[in-house]
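Okay, so here's the structure we're looking at.
Per chain, numbering begins at 1; letters A, B, ... match sequence-line order. Predicted, not measured: the structure shown is a model, and the values here were computed from it.
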2 protein chains.
Amino acid sequence: MYRIGELAKTCGINTDTLRFYEKHGLLAPSKRTVSGYRVYSADDAARLQFILRAKAVGFSLSEIADLLSIELDKANWACSDVKTMVDDKLLQVKQRIAELERFRRSLQILSDTCCGGPASAEHCSILQALESCDVSRSERLLDKETHTHHHAPVQGDCKC
Amino acid sequence: MYRIGELAKTCGINTDTLRFYEKHGLLAPSKRTVSGYRVYSADDAARLQFILRAKAVGFSLSEIADLLSIELDKANWACSDVKTMVDDKLLQVKQRIAELERFRRSLQILSDTCCGGPASAEHCSILQALESCDVSRSERLLDKETHTHHHAPVQGDCKC
DNA sequence: CTTGACCTTGGATTAAACTCCAAGGTTTAT
DNA sequence: ATAAACCTTGGAGTTTAATCCAAGGTCAAG
């Protein structure tokens, strides 16, 4: 059992954020003290964890609310509804992962192509690659480099 | 060479968004017509692609601006500065991928555990799992299921 | 030479997701 | 029994990222 301040602290968020989530139907404390203080159970805390993870992963609060809303009105949902919705989100997550992987590869290539040395970046290929977003060019450059010499670029051996 | 409307259309965004990005230093057209119309080059378009990809992947406009700002003032940046910044973003991307993978696994387990049948979701394990976010419980359930019988749940054989 | 589809600017408005504030009630430690 | 540290509500303010609007300029087609 946590009071709002404790829960907020352990989750690294603001108490106002918790009240905000409550107002928007994402998470209500399962109890109140006689004096009206919010009291959160372990289940409430777990639910918050889910919300925070979903948020960290790029879902909007209303999307998260969609996922959680099922619960409010269980009897009126069929298993198929639930599965459809979850599978839908699952697809979105997979697509997001794929997009992130593409972005990661681009950045990796940019990083690998640059020596990281103290020279001015004025003619640095990393910038040219970013500028034109022409990753294939960087890939060719890097590929050549790998075949002829070594993989990790060294100080002073920069393509800048 | 594109005018603002064309570029916006091909990229699936609003012309106002392009003007907004310009105002905030993310993307300026490399030319203007005599009459003041914006004219975007292929490089400008590529830069926009980069911005849109970075955005899709969860970076804020100011983070993207950071990455792109290097370019505005090339001579005053060393290769090491550039590499540091890119490696920094790279780490963020990797962490985001890891978080997404964890989320994906949770959703996958939830999906696998539910039959998707027409029965009421009133007692559906998918909901219980979401509620408590107790994925390990679902994992155990699913594991047992897999060992004893079959992997893909069938209509009418739901743990609801 | 005008109609319709473009474009310009500056400023207002929106939506999401907080974050802060004021005025007051509650708890706990000394 | 009183200060410090909590909590309550309602409402206002902030930030980010657009999106919309008004008043007017440009341009190709008929």
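- Comparing atom distances between the A/S60 side chain and each of C/dC18, D/dT19, C/dA17 picks out C/dA17 as nearest.
- In this structure, B/Y21 places its OH atom 7 Å from C1' of D/dA17, rounding to the nearest Å.
- Interatomic distance, CG of B/D88 versus CG of B/L67, reported as 9.5 Å (0.5 Å rounding).
- Straight-line distance from the CG atom of B/L27 to the P atom of D/dA17: 16 Å, rounded to whole Å.
- Cluster partners of A/V34 are absent, since no Ile, Leu, Val, Met, Phe, Trp or Tyr has side-chain heavy atoms less than 4.5 Å from it.
- Judged as a salt bridge (Lys or Arg N to Asp or Glu O under 4.0 Å), and not counting sequence neighbours, A/D87 has no contacts.
- A 4.5 Å side-chain heavy-atom check between A/L26 and A/L48 finds every atom pair outside the cut-off.
- The side chain of A/N14 contributes an N or O atom lying less than 4.0 Å from OP1 or OP2 of C/dC20.
- Straight-line distance from the CZ atom of B/F20 to the C1' atom of C/dA15: 13 Å, rounded to whole Å.
- Using a cutoff of 4.0 Å between basic side-chain nitrogens and carboxylate oxygens, A/D44 and A/R47 are not scored as salt-bridged.
- The distance from atom CG of B/L61 to atom C1' of D/dT15 is 12 Å, rounded to the nearest whole Å.
- If you take CZ of B/F59 and C1' of D/dT16, they are 17 Å apart, rounded to a whole angstrom.
- With sequence neighbours left out, B/F103 forms a ring pair (Phe, Tyr, Trp, His ring centres under 6.0 Å) with A/F50, A/F59.
- Nucleic acid contact class of A/K55 (heavy atoms, under 4.0 Å, all strands): sugar-phosphate only.
- Overall, the helix from C/dC1-D/dG30 to C/dT30-D/dA1 carries an axis bend of 0° between its ends, with five pairs at each end and the value rounded to 10°.
- Applying the ring-ring contact (aromatic ring centres under 6.0 Å, His included) rule to pairs touching residues 24-47 of chain B yields B/F20-B/H24, sequence neighbours excluded.
- Side chains of A/S106 and B/R53: a donor-acceptor N/O pair is present below 3.5 angstrom, by distance only.
- To the nearest angstrom, P of D/dT19 lies 13 Å from NE2 of B/H24.
- Considering only heavy atoms from C-beta on, B/L52 comes within 4.5 Å of B/C11 through its side chain.
- The distance from atom NZ of B/K31 to atom P of C/dC7 is 18 Å, rounded to the nearest whole Å.
- A/L18 places its CG atom 15 Å from the P atom of D/dC6, with the value rounded to the nearest Å.
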For nucleotides 7-14 of chain D, give me one character per nucleotide, 5' to 3': B if any protein heavy atom sits under 4.0 Å from the base, S if the only such contacts are to the sugar-phosphate, - if neither. SBB-----
